[in-house]
Amino acid sequence: SSLLQKFSLKKVWAEKTAGTIRLISETELITADGLFVDRLDLVMHGDRAYKLATAYRISEATLFKPVCEYIVKSLRVNGK
């Protein structure tokens with residue numbers, strides 16, 4: 001079972017580049033399956049908004065954190 005037992009909002013910040021605003025939050029989640037990092041990116045561009053959620057188990061961060069970071073950095077809005 002992976003029922004949520006506890007969560008803690010660790011960090012919230014905003015970034016602005018070339019007409020795009022990105023709001024990011026990072027939360028630690030404790031479940032019966034372990035401790036996780038959950039990241040939510042909300043990208044606002046013009047009249048559109050896009051969400052990307054990534055998460056990984058902290059015990060597997062060496063493997064999955066770089067993958068999640070690559071996915072976030074590869075986001076493009078209108079080819080930019």
Side-chain angles (χ1 to χ4, degrees):
S1 169
S2 61
L3 295 175
L4 181 64
Q5 296 173 349
K6 184 178 177 183
F7 71 94
S8 175
L9 183 61
K10 292 297 182 184
K11 191 173 174 184
V12 176
W13 69 99
E15 299 173 357
K16 184 176 180 182
T17 56
T20 299
I21 299 170
R22 182 179 297 195
L23 301 175
I24 304 122
S25 67
E26 286 187 357
T27 306
E28 272 188 6
L29 308 172
I30 299 174
T31 73
D33 293 333
L35 183 61
F36 292 81
V37 170
D38 181 76
R39 176 176 165 145
L40 177 65
D41 286 68
L42 175 61
V43 179
M44 293 170 285
H45 185 80
D47 62 348
R48 299 202 178 242
Y50 306 90
K51 290 193 299 185
L52 174 68
T54 55
Y56 55 89
R57 184 177 280 131
I58 289 181
S59 65
E60 299 173 336
T62 303
L63 177 62
F64 289 107
K65 184 177 180 181
V67 173
C68 290
E69 289 173 348
Y70 177 80
I71 292 168
V72 169
K73 288 178 183 176
S74 70
L75 289 178
R76 299 285 182 262
V77 177
N78 290 338
K80 297 180 182 178

Hey, could you give me the [atom1]/[atom2] distance between [X] and [Y], rounded to the nearest 0.5 Å?
{"X": "Leu23", "Y": "Asp41", "atom1": "CG", "atom2": "CG", "value": "9.5 Å"}
{"X": "Glu26", "Y": "Trp13", "atom1": "CD", "atom2": "CH2", "value": "4.0 Å"}
{"X": "Ile30", "Y": "Ile58", "atom1": "CD1", "atom2": "CD1", "value": "8.5 Å"}
{"X": "Tyr50", "Y": "Thr20", "atom1": "OH", "atom2": "OG1", "value": "9.0 Å"}

Is there side-chain contact between [X] and [Y], with heavy atoms separated by less than 4.5 Å?
{"X": "Glu15", "Y": "Ile24", "answer": "yes"}
{"X": "Arg39", "Y": "Val72", "answer": "yes"}
{"X": "Ser25", "Y": "Leu9", "answer": "yes"}
{"X": "Leu35", "Y": "Glu28", "answer": "yes"}
{"X": "Leu29", "Y": "Leu4", "answer": "yes"}
{"X": "Leu52", "Y": "Ile71", "answer": "yes"}
{"X": "Thr31", "Y": "Phe36", "answer": "yes"}

At their closest point, which heavy atom of [X] faces which heavy atom of [Y], and how far apart are they?
{"X": "Ala49", "Y": "Met44", "answer": "CB-CG, 4.2 Å"}
{"X": "Cys68", "Y": "Ala55", "answer": "SG-O, 4.1 Å"}
{"X": "Ala61", "Y": "Pro66", "answer": "O-CD, 3.5 Å"}

Same cluster (ILVMFWY, side-chain, under 4.5 Å), Leu63 and Tyr56: yes

Measure from the side-chain N and O atoms of Arg57 to the backbone N and O of Val37, and report whether any donor-acceptor pair falls under 3.5 Å. no

